Visitor: 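Here it is, the structure in full.
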Amino acid sequence: MKNKEIADKFTEIAHLLEIKGDNSFKIRSYEKAAETIENLGHDIEGDCLSGNLEKIPGIGESIAGKIREYISSGKIKKLEGLRKEIPRGLLEMLKVPGLGPAKIKLIYEKLGVKSMRGLDIAARRGELAALPGMGEKSAANILRGLEIINRLDGRLLMSTAQDLAEEFLDVLRKEKSCGEALACGSIRRGCETIGDIDLLVVSDEPKKIIDKFIEIPGVEKVISAGDSKAGVYTSGDVRIDLRVVGEKSYGTAMLYFTGSKEHNIALRKLALKKSFTLNEYGLYEQKTEKYVAGKTEKDVYARLGLEFIPPELRENRGEIEQALQKHLPCLVEFKDIKGDLHLHSVYSDGSVEIRVLAARALELGYEWIAICDHSMSLKIANGLSIKTLMKKKEEIEELNKTSRVKILFGAEVDILPDGKLDYPDEILKELDICLGAIHSVFSQSPDVLNKRVLKAMDNPFLDILAHPTARLIGKRPPLALDMEKIIEKAVDKKIILEVNAFPDRRDLKEEHCLMALKKGAMLSLGTDSHALYHMDNMKYGLMNLRRAGCEKKNVLNTRPMAELQKIISARRNISND
DNA sequence: GCCGTTTTCGGCCCGACTGTTTTCAGTCG
Ligand SMILES: Nc1nc2c(ncn2[C@H]2C[C@H](O)[C@@H](COP(=O)(O)OP(=O)(O)OP(=O)(O)O)O2)c(=O)[nH]1
Ligand SMILES: [Mg+2]
Ligand SMILES: [Mg+2]
Ligand SMILES: [Zn+2]
């Protein structure tokens, strides 16, 4: 699938045109096309072959032509030309915060600066400050931008971002005039990783909130601080944006600051179509400028004729059209979750006794849990020998006599390098639930890896494929698996695909959840807990599911014990044929 | 460059903050 590749080409064209100073709406068209192609959800080559490219919204004659050109020749002449015209280094300079295309153009044309290094030197020599429209402060800002860029370290995990957001919110909440205060942006949308932290506060004394904010000890650099918003970097080089609004703007400000940007633009366009205008302060009648809604998000959506759109769906991937038709999916929620399908205990490398896990599960409102320790080959994680596994079975049987939360006897069985499972079938069939996962020998060729997983899926006792791509966000890339094939096989063999809820796994990732749901696969949630507090990570897995539009019926964890067992035994019987 | 349920031309989301500016452009959310 070349979608991402093609999308990147159009993003590059957009950036190069920006630096050239081309028409901003034309640039927007290229950006929009890039976003559309990236989020298309199916292979664009199909549309190309069937001559349907121009049916895709945002793709017209010109861009369709370039897509065809790229698919047939691997090149886009327009892009090649732009690359010759504009040095590569100028594109890199766009990453410097505070430095945009217009200044880059100016600096390049007047000073011949075409690299980050050149920029740094020109700033230090005072050459930037001498340019028309620039001064000492602009040059200093660029130097600060260069420093920030050198220290930036990718995106944050959701868990890290949430903790930091709460830390700052707690300080702001101490201010007397502080009303509602919450994190918006990608945090509220439940994204897998977080670029920066966006905080919204309701107050009738915004200046006091903002003063308090920029005085927080963790704040290192204040980028901007005005009457209604501020932006800072923490000493840990995390960007935090704060927005403060009055009570009657709470809903529209939340809408604005939750985004996504594309959702905002689409919503504002719809408002215009209905003769309203929408901004962060409210929804207004276009002619009279009369305020019609703004206190809650629900009010605003309702006035626009839309169902309430959950934040996780606000990506302009069709949710506005669905909400207009009142056809939004009814997303799975935490209260639907009846159990956790991936817990480790002290039997392997977990730190918690089974009875303690069960007690915590009761507090969480669960009806059952599955204890899935590692299998015998995974020595570093204290994988269970067959003998220990049987001892564990006895303990679970004993506990189940009194436990209010029913305990499933499970295992997270290694998928060995040759695709075999790490216990013999006679043992596997004893398990109430069998997870299979890859934990070692990640370096096989893609072909071998794919065969390895597909072969494991032929074993009828493999009920759930756990953390299928084995990625660790920011640490280990996903295995080079053909997920389309694996998902199709899962559907065929009625194997359930796990959405591992650990914040650095979130595996299946959101796009694969979408693909799996489209193909009719069943999904499961597991926290992969090795410590008691890990059991609270269920929410991160739910974020992936909700972002993929997943409903209760597609999630194994929403089933009561008896139904769960029925599903498992039914799938094993079918797979045995 | 894309788009159209009054349109094939004239719109395209909308506002805050900064710096260098005599009235606003650039950048960002
Ligand atoms: N209307 C409008 N809203 C925007 C625009 N840019 C950003 N926003 C809103 C929607 C965003 O979700 C919100 C916060 O902006 P961010 O740049 O922090 O993006 P976001 O949090 O979505 O993603 P991130 O993880 O930070 O990269 O501000 C824009 O151009 N127009
Ligand atoms: Mg953000
Ligand atoms: Mg932000
Ligand atoms: Zn595992």
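This structure is a prediction, so every number in the text was calculated from the model and none was measured. Within every chain, numbering begins at 1; the chains are lettered A, B, ... in the order of the sequence lines, protein sequences first and strands thereafter.
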Visitor: Provide, to the nearest angstrom, the distance between the CG atom belonging to L200(A) and the C1' atom belonging to dA16(B).
Guide: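 For the pair L200(A) CG and dA16(B) C1', the rounded distance is 15 Å.
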Visitor: For dT18(B) versus dG11(B), give the span between their P atoms, rounded off to a whole number of Å.
Guide: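 Rounded to whole Å, the distance is 33 Å.
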Visitor: Using the P atoms only, state how far dT20(B) lies from dG15(B), rounded to an integer number of Å.
Guide: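 That atom pair is separated by 26 Å.
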Visitor: Using the glycosidic torsion, which applies to dT6(B): syn (within 90° of 0) or anti (everything else)?
Guide: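 In terms of base orientation relative to the sugar, dT6(B) is anti.
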Visitor: For atom P, what is the distance between dT22(B) and dG29(B), given to the nearest Å?
Guide: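 Straight-line distance between the two P atoms is 27 Å.
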Visitor: Between S228(A) and V245(A), is any pair of side-chain heavy atoms under 4.5 Å apart?
Guide: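 Result no, sub-4.5 Å side-chain heavy-atom pair not found.
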Visitor: Which of residues 297-317 of chain A have a heavy atom under 4.0 Å from DNA chain B?
Guide: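 Of all residues in residues 297-317 of chain A, none places a heavy atom under 4.0 Å from DNA chain B.
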Visitor: Determine the minimum heavy-atom distance between E551(A) and P329(A), stating which atoms define it.
Guide: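 Smallest heavy-atom distance, with atoms named: OE2-CA, 3.2 Å.
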Visitor: Any base atoms under 4.0 Å from E136(A), or only sugar-phosphate, or nothing? Heavy atoms, all strands.
Guide: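 Sugar-phosphate, no base atom in range.
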Visitor: Can you see if the side chain of N141(A) gets near the phosphate of dT18(B) - specifically, an N or O under 4.0 Å from OP1 or OP2?
Guide: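 No, outside the criterion.
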Visitor: Any side-chain N or O of Y281(A) under 4.0 Å from OP1/OP2 of dA16(B)?
Guide: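 So the side-chain polar atoms of Y281(A) do come within 4.0 Å of the phosphate oxygens OP1 or OP2 of dA16(B), strictly under.
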Visitor: Is K103(A) touching bases, backbone alone, or none of the nucleic acid, heavy atoms closer than 4.0 Å?
Guide: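 The residue K103(A) makes sugar-phosphate contact but no base contact.
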Visitor: What integer number of Å spans the C1' atoms of dT21(B) and dG26(B)?
Guide: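 Comparing C1' positions in dT21(B) and dG26(B) gives a spacing of 12 Å.
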Visitor: So if I apply the side chain to side chain contact (heavy atoms under 4.5 Å, CB included) rule between F168(A) and each of L242(A), V238(A), V219(A), which one comes out positive?
Guide: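 Result for side chain to side chain contact (heavy atoms under 4.5 Å, CB included) with F168(A): V219(A).
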Visitor: In the 5'-to-3' direction, what one-character label does each nucleotide of nucleotides 2-14 of chain B receive under the scheme B = base within less than 4.0 Å of a protein heavy atom, S = sugar-phosphate only, - = no such atom?
Guide: SS--------BBB
Visitor: For M134(A) and for G98(A), locate the closest nucleotide of DNA chain B by heavy-atom distance; then report the residue assigned to the nucleotide nearer the 5' terminus.
Guide: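 With M134(A) and G98(A) compared, the 5'-side residue is M134(A).
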Visitor: Taking atom C1' in both dC3(B) and dT8(B), what distance in whole Å separates the two?
Guide: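 Here dC3(B) and dT8(B) have their C1' atoms 9 Å from each other.
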Visitor: State which of dG1(B), dC17(B), dT27(B) makes the closest approach to the side chain of K229(A).
Guide: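 Nucleotide nearest to K229(A)'s side chain: dC17(B).
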Visitor: Roughly how many Å apart are dC24(B) and dC13(B), using the P atom of each and rounding to a whole number?
Guide: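 The same atom, P, in both gives a distance of 22 Å.
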Visitor: Base, sugar-phosphate, or nothing: which does A225(A) touch, judged by heavy atoms less than 4.0 Å apart?
Guide: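 It contacts sugar-phosphate atoms only.
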Visitor: Expressed as a whole number of angstroms, how long is the span from I142(A):CD1 to dT27(B):P?
Guide: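 Interatomic distance, CD1 of I142(A) to P of dT27(B): 9 Å.
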Visitor: So does S228(A) get a side-chain nitrogen or oxygen closer than 4.0 Å to the phosphate oxygens (OP1/OP2) of dC17(B)?
Guide: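 Yes, because at least one side-chain N or O of S228(A) sits under 4.0 Å from OP1 or OP2 of dC17(B).
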Visitor: Using the closest heavy atom to pick a nucleotide of DNA chain B for each, name whichever of F257(A) or I27(A) lands nearer the 5' end.
Guide: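 Looking at DNA chain B, the more 5' nearest nucleotide goes with I27(A).
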Visitor: Applying a 4.0 Å non-hydrogen cut-off, can you work out what V96(A) is touching in the nucleic acid: base, sugar-phosphate, or nothing?
Guide: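 Sugar-phosphate: the residue V96(A), judged by heavy atoms under 4.0 Å, touches backbone atoms but no base.
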Visitor: Does the cation-pi check pass for R314(A) over F308(A), that is, NZ or CZ under 6.0 Å from the six-membered ring centre and within 45° of its axis?
Guide: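 Flagged: R314(A) positioned over aromatic ring of F308(A).
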Visitor: Which nucleotide in the list dT27(B), dG15(B), dG19(B) gets nearest to the side chain of A102(A)?
Guide: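 That would be dT27(B).
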Visitor: Mind checking the CE-CZ spacing from M543(A) to R189(A)? Nearest 0.5 Å is all I need.
Guide: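 If I round to the nearest 0.5 Å, the distance is 12.0 Å.
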Visitor: For atom CD of E61(A), is the number of surrounding heavy atoms from other residues, nucleotides or ligands below 6.0 Å larger than 12?
Guide: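 No, CD of E61(A) has 12 or fewer neighbouring heavy atoms, counting only those of other groups under 6.0 Å.
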Visitor: Taking only the side-chain heavy atoms of S224(A) (C-beta and beyond), determine which of dT27(B), dT18(B), dA16(B) contains the nearest atom.
Guide: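 Looking only at side-chain atoms, S224(A) lies closest to dT18(B).
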Visitor: Between R547(A) and N544(A), do the side chains contain an N or O donor and an N or O acceptor separated by less than 3.5 Å?
Guide: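 The criterion, which ignores hydrogens and geometry beyond distance, is not satisfied for N544(A) and R547(A).
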Visitor: Enumerate the residue pairs fulfilling side chain to side chain donor-acceptor pair (under 3.5 Å) with a member in residues 84-98 of chain A, sequence neighbours excluded, ordered by first and then second residue.
Guide: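 The answer is K20(A)-E85(A).
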Visitor: For a quick check under 3.5 Å, do E147(A) and Y233(A) share a side-chain donor-acceptor pair by atom type?
Guide: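 No donor-acceptor contact under 3.5 Å links the two side chains.
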Visitor: Would you please say whether a donor-acceptor pair under 3.5 Å links the side chains of K66(A) and S62(A)?
Guide: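 Side chains of K66(A) and S62(A): pair found under 3.5 Å.
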